[in-house]
Structures are given as C-alpha cells and as structure tokens.
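This report concerns only the one structure given below.
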Amino acid sequence: MISEYDIKKAVVDTLRRNFEYPVYEFGFARVWGKGEIETRNIYHQDYTVEIVMMYGKNEKGTEAAVLKDMGKMRQAFLTHLKTEQRLLPVSDFDTDYTGERGNIPRFLFNIDFFESLYKTEAEEMMKTAEINFVKEE
C-alpha cells in the first residue's frame, strides 16, 4: 500500500528535480491523510499535500522569482504525482499565501485513489495453454 512516506518522498523528489533551492523536508512539505475500506478488497486513500515555498537569506525570493517558481510548482504537480509504485492523480490544486505578512506562497492539493487489499499469491504464471475445438456435425 502507498503510505504518507511514499507520497512525501515523491513530493521531495519532484521538488529536487524542478528547483535548485535546498528542499527542507520538515516544514516545507507536509502530507497527511485518511483512508477507509470501501469494499472487502478495496481501500480508499485520501491524502492532502501542503508545500510552503520558503526562501533563505542566500536565495532570491524576489516577487518575480516567486511568481516564476509558482508557475514551475503548478507545472510539476498539477495533474499527477509519480511515486515509486504508480502515478497518482492530483485534484483540488490550490495556491494561496500564508505567514504573518501573507507573503509566503503555499500550495495545497489532494491525492485521492483506491488500492486493492487483495494480495495475490506468488505462484508461477501459466506458460502454455492448449485449446481443442470439437467440430459439431
């Protein structure tokens, strides 16, 4: 099953691929979620991801740079998130500002998907099959 750890790792990996800034894993990107059993074999996962763009003293946090980074962030997460196991659909992508002065960009999006609770046996796959047709008269 895909966990908060898997989602957070995929978010941090995506940020590292798209931005030259250091990625602070704590306080920069957070993941939380809930899940429930839908049927006997299906589990519904619903995660929320929050990414806060924080600029250090040596990083260029000018308004133009922030707007450019916001576009890159939107492009990186707008449709899906690629984990090690599968592509997950992103929904409800939202951008706003947070902080004391309301000047720190924040991104929120949901990841909503279903997983199978059924575990298949690790048996050898069928290699050949013979089909005999009987001609009816």
Side-chain angles (χ1 to χ4, degrees):
M1 290 185 81
I2 296 175
S3 68
E4 285 92 346
Y5 173 82
D6 300 318
I7 304 275
K8 174 97 177 233
K9 182 176 182 326
V11 167
V12 170
D13 290 346
T14 302
L15 290 170
R16 285 187 175 141
R17 276 193 312 274
N18 287 283
F19 294 94
E20 61 274 0
Y21 311 120
V23 176
Y24 307 104
E25 292 186 27
F26 183 76
F28 188 88
R30 295 186 319 150
V31 177
W32 65 92
K34 62 182 179 179
E36 63 184 326
I37 295 175
E38 289 287 316
T39 67
R40 183 178 211 169
N41 295 321
I42 301 294
Y43 192 71
H44 178 213
Q45 298 273 37
D46 186 11
Y47 290 104
T48 300
V49 176
E50 175 188 48
I51 301 170
V52 178
M53 293 176 64
M54 301 184 312
Y55 294 91
K57 292 180 181 180
N58 298 331
E59 298 156 359
K60 297 185 179 186
T62 64
E63 185 177 6
V66 169
L67 291 173
K68 182 179 175 186
D69 287 345
M70 289 173 73
K72 285 173 67 175
M73 186 77 73
R74 191 172 292 110
Q75 189 70 29
F77 294 105
L78 189 57
T79 60
H80 66 276
L81 178 68
K82 183 178 181 181
T83 67
E84 290 180 359
Q85 295 144 339
R86 64 189 257 207
L87 287 177
L88 301 175
V90 168
S91 63
D92 301 327
F93 190 91
D94 190 22
T95 304
D96 67 0
Y97 291 88
T98 188
E100 282 182 23
R101 298 181 191 162
N103 62 348
I104 300 171
R106 179 175 73 153
F107 299 88
L108 291 162
F109 57 88
N110 292 334
I111 300 171
D112 187 24
F113 60 98
F114 295 93
E115 287 191 281
S116 175
L117 294 173
Y118 179 72
K119 294 183 180 179
T120 58
E121 305 248 348
E123 298 293 328
E124 187 176 351
M125 295 291 285
M126 181 173 65
K127 293 181 181 175
T128 62
E130 279 188 35
I131 301 173
N132 295 323
F133 291 100
V134 177
K135 184 177 179 182
E136 291 188 36
E137 294 184 38

Q. Just wondering, more than 12 heavy atoms not from E100 lying within 6.0 Å of its CD?
A. no

(Q) If you count every heavy atom of other residues, nucleotides or ligands that lies below 6.0 Å from L78 atom CG, does the total exceed 12? (A)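 Yes.
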
Closest approach of [X] to [Y] (non-hydrogen atoms, all atoms of both residues):
X: F113; Y: P89; value: CB-CD, 4.4 Å
X: M53; Y: D69; value: CE-CB, 3.0 Å
X: Q45; Y: D112; value: O-OD1, 3.1 Å
X: A10; Y: T14; value: O-OG1, 2.8 Å
X: I104; Y: G99; value: CD1-CA, 4.1 Å

So how far is it from [X] [atom1] to [Y] [atom2], rounded to the nearest 0.5 Å?
X: I42; Y: L117; atom1: CD1; atom2: CG; answer: 7.0 Å
X: F109; Y: D92; atom1: CZ; atom2: CG; answer: 11.5 Å
X: F28; Y: E50; atom1: CZ; atom2: CD; answer: 11.0 Å
X: T98; Y: L108; atom1: OG1; atom2: CG; answer: 9.5 Å
X: H44; Y: E36; atom1: NE2; atom2: CD; answer: 7.0 Å
X: F77; Y: N18; atom1: CZ; atom2: CG; answer: 7.0 Å

Under a 4.5 Å side-chain heavy-atom rule over Ile, Leu, Val, Met, Phe, Trp and Tyr, are [X] and [Y] clustered together?
X: F93; Y: L67; value: yes
X: I111; Y: V12; value: yes
X: Y43; Y: Y5; value: no

Q. Do N110 and T48 have side-chain heavy atoms sitting under 4.5 Å apart?
A.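 Yes, close enough: below the 4.5 Å cut-off.
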
**Q.** Beyond-backbone contact of K72 with R74, side-chain heavy atoms, under 4.5 angstrom
**A.** no

Q | Matching residue for L81 among I7, L87, D13 - test: side-chain contact (heavy atoms from CB on, under 4.5 Å) | A | I7

Q: Among M70, M73, R106, find the one that has a side-chain contact (heavy atoms from CB on, under 4.5 Å) with T95.
A: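 Between T95 and the candidates, side-chain contact (heavy atoms from CB on, under 4.5 Å) is satisfied uniquely by M70.
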
(Q) When you measure from the side chain of K8 to the backbone of A29, do you find a donor-acceptor pair of N or O atoms at a distance under 3.5 Å? (A) yes

Q: Look at the side chain of E115 and the backbone N and O of I2, then say whether any donor-acceptor pair between them is shorter than 3.5 Å.
A: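 Such a contact is found between E115 side chain and I2 backbone.
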
